[in-house]
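Worksheet: one structure, shown below.
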Protein chains: 4
Amino acid sequence: MKKSDKHQKILNAAIKVFGQKGFFNARISDIAKEADVADGTIYLYFNNKYDILLTLFEEEIGKLIVEIKAAISQKTDQREMLYVFALHHLRLVIEKKELAEVLQMELRQSGESIKEYRLNKFADYVNIISEIIHTGQENNIFRRDLQAGIIKRAFFGALDEMSRLWILNPNHTYTLEESAEEISDIFLNGIVAD
Amino acid sequence: MKKSDKHQKILNAAIKVFGQKGFFNARISDIAKEADVADGTIYLYFNNKYDILLTLFEEEIGKLIVEIKAAISQKTDQREMLYVFALHHLRLVIEKKELAEVLQMELRQSGESIKEYRLNKFADYVNIISEIIHTGQENNIFRRDLQAGIIKRAFFGALDEMSRLWILNPNHTYTLEESAEEISDIFLNGIVAD
Amino acid sequence: MKKSDKHQKILNAAIKVFGQKGFFNARISDIAKEADVADGTIYLYFNNKYDILLTLFEEEIGKLIVEIKAAISQKTDQREMLYVFALHHLRLVIEKKELAEVLQMELRQSGESIKEYRLNKFADYVNIISEIIHTGQENNIFRRDLQAGIIKRAFFGALDEMSRLWILNPNHTYTLEESAEEISDIFLNGIVAD
Amino acid sequence: MKKSDKHQKILNAAIKVFGQKGFFNARISDIAKEADVADGTIYLYFNNKYDILLTLFEEEIGKLIVEIKAAISQKTDQREMLYVFALHHLRLVIEKKELAEVLQMELRQSGESIKEYRLNKFADYVNIISEIIHTGQENNIFRRDLQAGIIKRAFFGALDEMSRLWILNPNHTYTLEESAEEISDIFLNGIVAD
DNA sequence: GATGAATGAGACTTCATTCAT
DNA sequence: TATGAATGAAGTCTCATTCAT
């Protein structure tokens, strides 16, 4: 499909440029150059600069959700699921470094519309965790005296902070696996029932 | 009026404006208006817009470090210390909502100098955690098979993500105390030895 | 419209505006209005305000050098050449009054880069005189006890001061020809050998 | 006299600062710092920045006129007078380098009021030459077929251009004396009768 | 659809000038 | 008189967006 070709080409360029310079420091012409199209062409596919960011969030996070759900669905034990989520999430951060950078940085930006989006697509992603937790609690695998919403945030925040280290400091002190394992370990130890 | 008076007045205004609109969307004139000074006056106290942000990081985080260290120093058990850190951190987020917002958002920005600062003052703040962990490991209170650096990030990330909820969503679903308790609980359960 | 078209259009506007108001009193918006383009357009062709002045020096003086060399090359006697230089120089001042004004005023400005430029393009122009003098001295037409460098400056200075009169006082007291003739006369009388 | 003390102190500072940075690049605070007074104090002695420059022209050129007239008055032969003028003028340029720089640069600036001043005080200075020429012509020492106005400008222009060399290029290629002599030589040779 | 030159609103920053002390 | 902190008008420059080709 021709049209979506250029749509994605621009989006990929935007991921790269936003990731490197941040949304506000990135110029439309940077993205255009990276995507190898004219500045004006971008406006045939997106309404404005901000729309690129929003579309990027929506579509790219959508893909991540699909991917990570596929990985999790291969497990049945909620403890394993949590570990798989951690592993997969951190792997994404390494594999799609620039996208991760954009999501980390720009998702924290203020601005009403971003906040709304956060509560939509991004929330869907993070809610994968709370679903696991919830099911785990129902199955008496996880402690029921803890609130799923708090666990969800704590677990995601832990992974997210770990990612931040890698994004800022490319020469990793910790490996992917040991990070995923230790973090999962702490949480599982902390939240398993009995 | 003492010089330091206006310095702080502008900084407070900047905290408020940056917190509300973000660094890039904030105008110098917004800060000036909020501080009730002329635009030009700002440049008597700061070199440029960016310098305001940097000074803000340095000075305000410095104050937080002093405060939180004072709170922790009243405890002797590292488990209690972690809880106090969590409680105090979240309390700061609520009490100094706008400062927390600035720190959360802008500290994630890219830009080399920010990154450097991050690795300085902000790192000092977070390293309070790893010091506690480390001492706890030496005292055989905490598991030694986990790396202090990972625990530090996981714990701080958990609190930070919790804060994000409150910043974005002012009507708190969870109370300060239950949040601090549950997060500490998970971690302490997860990391205590034996 | 060719790119070079607008480049020259802006340069011509700059000559006019700089000539009338001086470099520092001239506004970019003045030049833009005179050139009938938007303010921003100027920055598609020049890096900054100062770059306009520098380019102006370089390119316009370059043209003058070509013109005056062509005029001189038609003479064989160095005495005639000096006269032709004088005549041509003063004619340029009248014909390109605004350019002359810019060159007179702004070339005197301090600032390192201007000084360097002065020593380049502008020096090339003035050195046309010293080349004539030098050849004249070799041919024993001009006195060899005088230093070509001093004669060059004296002759150019004389013409330049004459120009100043016209630039400041548009209603000429002296005609072009009599000025060129008398000045050449004085110098030729003063420097011819024997 | 107290008042004139500070008046002159500021003026001297202005000469230095204008000479180094040029009128437009000089800041009132630069002058204040150089004069060791507060910014506001300057406005007790001068109406505005421009007034400093104008006063500077008026008063300092006035002094130069007095000095140079005194030197000339010791000679009776107009040929000697011309040489003395040249010698004295160039000596001033070296001794009062910064003042010379200001006069050279800023006197060329456009702006109506400067132009008027030029035609006043500065003209008085230059007219010392034409008076000599005129008297010389009356005494049949100088050729009467040349117009005094043109000789005046040519002679002054020659000296002025020579000065420019020294101002821009501090390591003098030519000595003061040889410059004054050669220039006077050329002109006297060129304009003496018969 | 694609281009990219042109636009012009708006931001940061400077600095001459003022005025309360 | 003297100060110097404060002012705010105004200028340079950037860059998202448009539109004629």
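Note that the coordinates shown come from a computational prediction; the quantities given were computed from them, not determined experimentally. Note on naming: letters A, B, ... go to the chains in the order of the sequence lines (proteins, then strands), and numbering restarts at 1 for each one.
- Atom pair B:F24:CZ and E:dC12:P shows a separation of 11 Å (rounding to whole Å applied).
- A perpendicular orientation is assigned to the rings of A:F23 and A:Y50, their planes being inclined by more than 60° (bins at 30° and 60°).
- Whole-Å rounding puts the A:N48 CG to F:dT18 P distance at 9 Å.
- The partner of E:dG10 is F:dC13, by the rule that a Watson-Crick or G-U pair needs both atom distances under 3.5 Å.
- Rounded to the nearest 0.5 angstrom, B:I61 CD1 and B:L103 CG are separated by 5.0 Å.
- Residue A:I42 contributes atom CD1, which lies 11 Å from atom C1' of F:dA16 at whole-angstrom precision.
- Closest contact between the side chain of B:Y45 and the listed nucleotides F:dA5, F:dT12, F:dT3 involves F:dA5.
- In the set E:dA2, F:dA6, F:dT17, F:dA6 carries the atom at the smallest distance from any side-chain atom of B:T41.
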Residues B:L53, B:V102; criterion side chain to side chain contact (heavy atoms under 4.5 Å, CB included); working and verdict: CA-CA 9 Å; B:L53 186 64; B:V102 178; 4.0 Å; yes
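- The number of heavy-atom neighbours closer than 6.0 Å to NZ of A:K63, taken from other residues, nucleotides and ligands shown, is above 12.
- The distance between atom CG of A:N25 and atom P of F:dA16, rounded to the nearest whole Å, is 10 Å.
- Taking only side-chain atoms of B:D39, from C-beta outward, the nucleotide of E:dT13, F:dA6, E:dT3 with the closest atom is E:dT13.
- Although no hydrogens or angles enter the test, the distance criterion places no donor-acceptor pair under 3.5 Å between the side chain of D:K6 and the main chain of D:T41.
- Applying the 4.0 Å criterion to OP1 and OP2 of F:dC15, one finds that C:Y43 has every side-chain N and O outside that range.
- For F:dA20, the paired nucleotide is E:dT3, the pair qualifying as Watson-Crick or G-U wobble because both relevant distances are below 3.5 Å.
- Residue C:K6 has a polar side-chain atom (N or O) positioned under 4.0 Å from OP1 or OP2 of E:dA6.
- A donor-acceptor pair under 3.5 Å is formed between the side chain of B:K49 and the backbone N or O of B:A26.
- Remark: D:A26, D:R27, D:I28 in residues 26-36 of chain D come within less than 4.0 Å of DNA chain E through at least one heavy atom.
- Inter-residue side-chain proximity for B:E59 and B:H7 is flagged as met; some heavy-atom pair is nearer than 4.5 Å.
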